[in-house]
Amino acid sequence: MELRPYQEEARQSVEADWKKGIQRTLLVLPTGCGKTIVFSKITEDMVRNGDRVLILAHRGELLEQAADKLQTATGLRCATEKAEETCLGSWYRVVVGSVQSLQRPKRLEKFSDDYFDTIIVDEAHHCISDGYQAVLQHFSKAKVLGVTATPDRGDMRNLGTYFENLAYEYTLPKAIKEGYLVPIKALTIPLKIDVSGVSVQAGDFKAPDLGTALDPYLEGIAQEMMEYCRDKKTVVFLPLVKTSQKFCEILNSKGFRAAEVNGNSEDRASVLQAFEEGKYNVLCNSMLLTEGWDCPAVNCVIVLRPTKVRSLYCQMVGRGTRLAPGKDHLLLLDFLWNTERHELCRPASLICENEEVARQMTKNMEESAGLALDLEEAEKKASEDVVIQREEALAKQLAEMRRRKRKLVDPLQFEMSIQAEDLSSYVPSFGWEMAPPSKKQVDTLEKLGILPDAIDNAGKAAKLLDRLDKRKKEGLTTPKQIRFLEGRGFQHVGTWPFEAAKNLIDRIAAAGWRIPAGIVPGDYRPE
């Protein structure tokens, strides 16, 4: 099986990390982008090297999926470590293992600590839990790859506390742009749903409270679906089984062909099959279908299980992002959730890396309620709005800087000038990134013209230094040129060539440090 270009890049990046001595590394691929295929190929490479590989997951469906994809993609077959089944005594070099079974002390004791050379953790956002850690710490000598659609976790403990590096990340916008996932259009329904009284437990809203809070709105939600979902293949996520069953009944009373599945459904497989075949056009579930189930034809998703956990939200929406014949986009219905907590995931959470942009995008979408907006276009508009707001704030800051006559450039001015969104929205993830900048970093930044006082972590300092080095090689303006020219009213000097800025500064110097006649700083652009 030939890998897609990004899949091959991911494979090479992971293996490069291991060769560099990075033992625990992460791979982030959006739902629907073939993470199982990628780690199957990595597994094949490790087996060729003589490794024994453990693929670790928390649900039977994920283990079966991994075993099937492994055989399809590589021809490799595997043993199972789950319930009464054991891999001990098997000659297979690959094992799919249930974390619930392996974490038991009596079971772990049967394995030497070097039994596995490589461990792959599927849905790695779960791996900081005690059960996973018991297994991973027992096999502490093994190389570890964590694979996830989103690198954050329900209890807000950052995955950077365990993993040493992010080997490769393929983003949802890039997957859509390159044609591997369908575009998402989000439509905000002007129906206000009050969940402000719902309490929080283990980092997310309590499902029982959500079910109670949602009940009064089910009829109204079903009525809105009459307008938007009649011709859609729709999956609805709800907080409780009884809420899911009640909503299914309401939908059927309004003419939908709705079905409901939950963990206790004896006919679950046949219902899912019937939905895929078109016998039902709406599938209601209480968080059952977030992982391990794929139906590419789904073209509408409704999240009626509000959550603070981005990974869970992405998993739900990801049920509808896969490509399918005749499918040109996914419709994501959103509502005007009334909550006192701002962490509630909304469509902006899928695409915005920066919280400020996400808040602006959510505000814009609520103001455009009733219109289906393409997520990429909505994110672009929000980013532009935020840039305008930042530039207004920056203008005030620059005025203050001129008064103080600083000789160094504030990092924010530099980032805005060179239009570096990745720098201005940077948040450290791994342990070394969170440490204070080293003395060497501080001295080098100051030497290069950047005010180091405003940089509080080593990760940001490293990114700035890398960018400065890259800009020097590309012949772009220095921080000191940016400070001098923008201090005199020129715009976005960070995008200019070094020589163009140097020539202009020479002309200003020759004119007695006055702006030469005929030059209007705000309108000036170098040739």
(Q) For the residue pair Arg24 and Tyr162, would you count it as a cation-pi contact if the rule is NZ or CZ under 6.0 angstrom from the ring centre and within 45 degrees of the ring axis? (A) yes

Q. Under 3.5 Å, side chain of Ser98 to main-chain N/O of Lys82, donor-acceptor pair present?
A. no

Q) Any donor-acceptor pair under 3.5 Å linking the side chain of Lys254 with the backbone of Met225? A) no

Q: Please name the residue in the list Glu379, Lys381, Lys380 that meets the side chain to side chain donor-acceptor pair (under 3.5 Å) test with Ser383.
A: Glu379

Q. Between Arg305 and Asp204, is there a salt bridge with N-O shorter than 4.0 Å?
A. yes

Q: May I ask you to decide if Leu166's main-chain N or O and Thr25's side chain share a donor-acceptor pair within less than 3.5 Å?
A: no

Q. What do the steps show when you test His492 against Ser417 for side chain to side chain donor-acceptor pair (under 3.5 Å), and what is the final call?
A. CA-CA 5 Å; His492 298 300; Ser417 182; 5.5 Å; no

Q: Indicate yes or no: does Arg467 engage Glu415 in a salt bridge with an N to O separation below 4.0 Å.
A: no

Q. Salt bridge between Glu44 and Lys41, side-chain N to carboxylate O under 4.0 Å?
A. yes

Q: Tell me whether the guanidinium CZ or amine NZ of Lys192 lies under 6.0 angstrom from the six-membered ring centre of Phe335 and within 45° of its axis.
A: no

**Q.** Pair Glu8 + Arg11: basic N to acidic O under 4.0 Å
**A.** yes

Q) Under 6.0 Å from the six-membered ring centre of Phe256 and within 45° of its axis: does the NZ or CZ of Arg230 meet both? A) yes

